[in-house]
Structures are given as structure tokens and as C-alpha cells.
Amino acid sequence: MRNGQLGIGFLGLGSRGALFGTRTFLPLSGGALVAACDLNPAKIESAKVFFPDYTRTYTDIDAFLADPELDVVLVATPDFAHADCAVKVLAAKKHLYLEKPMAQTIEDCDRIIKAWNGSDTVFMVGLELRYCTLMRDTKKLIEAGEIGRIITGTVIDNVSVGGDYYYHGPRRKKEYIKSLILEKGTHSLDLANWLIDSSPVKVYCSGGLDVFGGNESNDKHCADCDERNTCPYAKLSDPNEDPKRKAFRGFFDGCVYAQECDVPDNSIVLIDYENGARLSYMECHFTPEYTREFMFIGTKGKLTAFFDNEQNFKIMVWKRHEKEPVYYYPERVDDEGHGGGDVGIVSEFFRLIQEGKPGMYGIRGARDSAAIAIAAAESEVTGMPVNIPLVEYPPESHN
């Protein structure tokens, strides 16, 4: 601790680590940022502008975790490093907030769960959409039995920004992110698991790379492309931007039609659950809109829920044998962080720490959502269904 406050540390200083860390995570902690760590010294230098003067910086994780004032760690490294970093943080007995996805293999998810045993810490994964007003209200309606037991459902991720965000840089390669279902879809899959209230047991996936990728050189960049003024996906740098800020957020302008793009830009996943429910999930990265759509049919009726970043939230409940549906409009939150989700989950994380309630909160959903995406990536390649092994959770874990 520092002066009686929780000592906060950031591990991974990309845009999520430094920006979310300093704008949301740190202010809600009631603590002080005592340490920050990244393997890349340039990232540290770029992020220092956000840190108090007393913040110590490290390029070695072991030295970082040995900092005597460190109590809580936000892990926001690239996805492939999540598992090893999480295990080290828990072994050091620090409270852990791990950005999603939990890990890139089911075995690593389970390794993290085992590492928590004996740590006496609060451990959460950053699946903040459970805390937005739309999903909170949806969960209440389902728990109240408005549509009965869920039998089947469909979830759709319409991602209009796929060509703006993902295919310009390393996330266009499977070796870096495994799949966009894992990188992006775990939010919606976690919500589906939570609402269905069961764990997935079998997954089948079909997908393709139908818009992005192609025959362009891997060395082709928007900045020197002859079509940069006409290509709708051209990503051009602001010449007036501070070079340090540019380095901090990471600027990638590789051609979205490059040969090395191998991550599917559209996928359909079929999921069987332990309780007999079935779900279809579609993710598409070239839609005109950026929304999430949920539809569940139960023994008593049907529920739909609509999400967008502008918080035009809407829920419809239509019971069988009734002529008209009922509509609900969840509260808007004056907050740019996922409809109150960022503030909600971080506040809950620190409340549990302050009240001395160690446990793994939401870990079942975090593991299950990652497991669906991991199994879907395998099924997409083999063309065969993939079974997901169930796992026993310690009694201190919570869905």
C-alpha cells in the first residue's frame, strides 16, 4: 500500500492498459498508481504522460510484481500473454483484473483457475457488458421467468469497423489473436452463457475470409498507396499528431487486402449447452452497422434485446398466446464506457477487495466464453464439432 491506499499496478501499456487504466480503473480504485510494466521501453515512455511522478516503471514482470507497494494488478497485455501473466500475478498474491479474453487455450484458462487457489485474492476478467443497463435488465426479466426456461436463441455481432480496426495490423493473423470470435465475440458469448445459465459442451463453426485479405503485398501500407484517397478502409496518420501519443496507441496501416490476412471476417457458431439449450452466434466484420442483437425463446415466450454504443437500448418480451409484446427501454448512462459497464465492473471489483471477499467472480462465464471461441476456431478448420470439457470450480467462484 501507499499511504494507506491500495497500490495499483498496470501490466501492459497499450491503449486499453494506459487509457482505461488511468481514466476508469484508477479513479474508481481509491488507490494510487505505484507501478507500471511493459516489455517495450517505448510504450513506457509514451504512457508516462498519464502517470503520477512517483509511479515506478519496469520492463521485467518479476521485478514489477516484487514492488513492495503493489496490491492490485490490471493486466492488459496482448491476448497471447494473458495466461502466463495472470498465473504470475496470482502466484504473487495480488488482486487481479484481467482483460478479456481470459486466455487463448482452454488449458490455459483452466491453469489460471488452478493458480487462483490459495492466493486469497479477488480475481475478475474484464467482461464489462454484464454490468451495462441493457444486460442487467435483460437478466432480471429472464430470472423473473418472463419467458420461462430458455430453449434456443440467436446472438449477432454486427461489426462495421472490422476493416478499420482489425485488418490493418497484427490482429489480422491467427498466430496473434487466434480468431476474432475470441478477440471480439467473447463479450456477447459471455452474455449468452450468463443469460442461459449453463456451460457449453459442444461447438460447431463455419466461417470464411470473404471481404478482407487477398493478393496485396504484406508490406503495402495506406500511407504510400495510390488508392489511399478512394479506399474506404484507408487508414491515414494525422501529421499533426504527437509522435509519442502515436507510438503509445500503436498505429497500423497495413493493407486490409494483404496476403497474410488469415483471420475469418465472418463466422456462424452453433452451441449446445449442458442444460439442453442451443444457441447460434453470428459475427460479421463488414456489416453497415455496429450493434449487438440478442434473441431467446423459452417455454413461455420470446425476448429480444438490442445494444449499440449510442445506448439506444431496447428489450421486447412477447409471451406465447398474448396478442402484443411488451417493450422496455433500459436507462441511459452518462458514460462512454459500454453503457455503464466499465464503471460497474470496476466498482464491483474494488468493492469486493475493500470488503475482504476473495473469490473468482464471473470466471465461469469468462472461461466458457473463451472456450466457445477456441473450440469454434478449431471447428472452423476441421469442419467437425468440438466438445468442450467441463471443469470443476472452487466454491469461491461465481458465474
Side-chain angles (χ1 to χ4, degrees), residues 1-41 43-78 81-82 84-100 102 112 115-116 119-128 131 248-249 335 337-338 341-363 366:
M1 285 195 171
R2 179 182 174 85
N3 300 326
Q5 295 180 306
L6 285 170
I8 309 299
F10 298 161
L11 179 54
L13 299 177
S15 58
R16 183 66 176 172
L19 288 180
F20 167 73
T22 54
R23 293 177 181 177
T24 302
F25 194 82
L26 185 61
L28 291 170
S29 72
L33 181 65
V34 299
C37 178
D38 198 287
L39 298 182
N40 184 347
K43 286 285 188 184
I44 294 174
E45 287 304 311
S46 298
K48 276 184 177 178
V49 65
F50 300 102
F51 301 160
D53 292 339
Y54 55 76
T55 305
R56 293 174 289 281
T57 58
Y58 300 89
T59 56
D60 178 81
I61 186 173
D62 294 321
F64 165 75
L65 291 173
D67 189 296
E69 292 185 331
L70 187 63
D71 303 301
V72 179
V73 177
L74 163 64
V75 172
T77 61
H82 281 190
D84 287 343
C85 290
V87 167
K88 279 181 172 285
V89 171
L90 293 171
K93 299 185 183 298
K94 311 299 182 184
H95 300 291
L96 171 61
Y97 187 97
L98 174 65
E99 275 296 337
K100 62 85 187 165
M102 191 172 178
I112 297 171
W116 178 85
S119 66
D120 198 33
T121 63
V122 174
F123 169 32
M124 295 179 73
V125 175
L127 291 162
E128 66 276 352
Y131 294 81
F248 151 72
R249 67 179 173 81
D335 166 32
H338 299 99
D342 283 353
V343 169
I345 192 172
V346 174
S347 298
E348 179 72 359
F349 176 70
F350 283 106
R351 181 187 69 80
L352 293 166
I353 292 174
Q354 296 289 357
E355 293 181 2
K357 294 181 178 178
M360 296 188 287
Y361 295 85
I363 297 307

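As the structure is a computational prediction, the values presented were derived from the model and not from experiment. Values below: every heavy atom of this structure, side chains too, minus hydrogens, waters and symmetry copies.
Y58 is not listed as a side-chain neighbour of L65, based on a closest heavy-atom distance of 4.5 Å or more. Contact of the I8 side chain with the D71 side chain is not registered, since no non-hydrogen atoms from C-beta on lie closer than 4.5 Å. For the pair F10/T55, no side-chain contact is recorded, criterion being any heavy-atom separation below 4.5 Å from C-beta on. Inter-residue side-chain proximity for V346 and F20 is flagged as met; some heavy-atom pair is nearer than 4.5 Å. Residues I112 and L98 meet the side-chain proximity criterion, which asks for heavy atoms closer than 4.5 Å. Using a 4.5 Å heavy-atom cutoff, the side chains of D342 and R23 are not in contact.
Note: R56 CZ to L33 CG = 9.5 Å, rounded to the nearest 0.5 Å. Atom CG of residue L28 and atom OG of residue S347 lie 4.5 Å apart, to the nearest 0.5 angstrom. One finds the OG atom of S29 at 9.0 Å from the CD atom of Q354 (value rounded to the nearest 0.5 Å). A distance of 7.5 Å separates CZ in R16 from OG1 in T24, rounded to the nearest 0.5 Å.
L127 and A366 make their closest contact through CD1-CA, 3.6 Å (heavy atoms, listed as atom of the first residue, atom of the second, distance). Pairing each heavy atom of V122 with each of P358, the nearest pair is CG2-CA, 4.0 Å. In this structure, L39 and P41 approach most closely via the heavy-atom pair O-CD, 3.3 Å. Considering every non-hydrogen atom in both P27 and G21, the closest pair reads CD-O, 4.2 Å.
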Check: Could you go step by step and tell me if F50 and L26 meet the side-chain contact (heavy atoms from CB on, under 4.5 Å) rule?
Finding: CA-CA 11 Å; F50 300 102; L26 185 61; over 6 Å; no

Next item on the list: Take Y131 and E348, measure what side-chain contact (heavy atoms from CB on, under 4.5 Å) needs, and give me the verdict at the end.
Entry: CA-CA 9 Å; Y131 294 81; E348 179 72 359; 3.8 Å; yes

Next item on the list: Determine, stepwise, if the pair M102 / I363 fulfils side-chain contact (heavy atoms from CB on, under 4.5 Å).
Entry: CA-CA 9 Å; M102 191 172 178; I363 297 307; 4.0 Å; yes

Checklist line | CA sep, side-chain torsions, deciding dist, call: V75, E99, side-chain contact (heavy atoms from CB on, under 4.5 Å) | finding: CA-CA 6 Å; V75 172; E99 275 296 337; over 6 Å; no

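Judged by distance alone, with hydrogens and angles left aside, the side-chain atoms of W116 form no donor-acceptor pair with the main-chain N or O of L90 at under 3.5 Å. At least one donor-acceptor pair closer than 3.5 Å links the side chain of D38 to the backbone N or O of L13.
Between Y361 and F349, the gap from one ring centroid to the other reaches at least 6.0 Å.
The side-chain hydrogen bond (donor to acceptor under 3.5 Å, both in side chains) pairs that include a residue from residues 87-98 are D62-K88, where partners are two or more places apart or lie in different chains.
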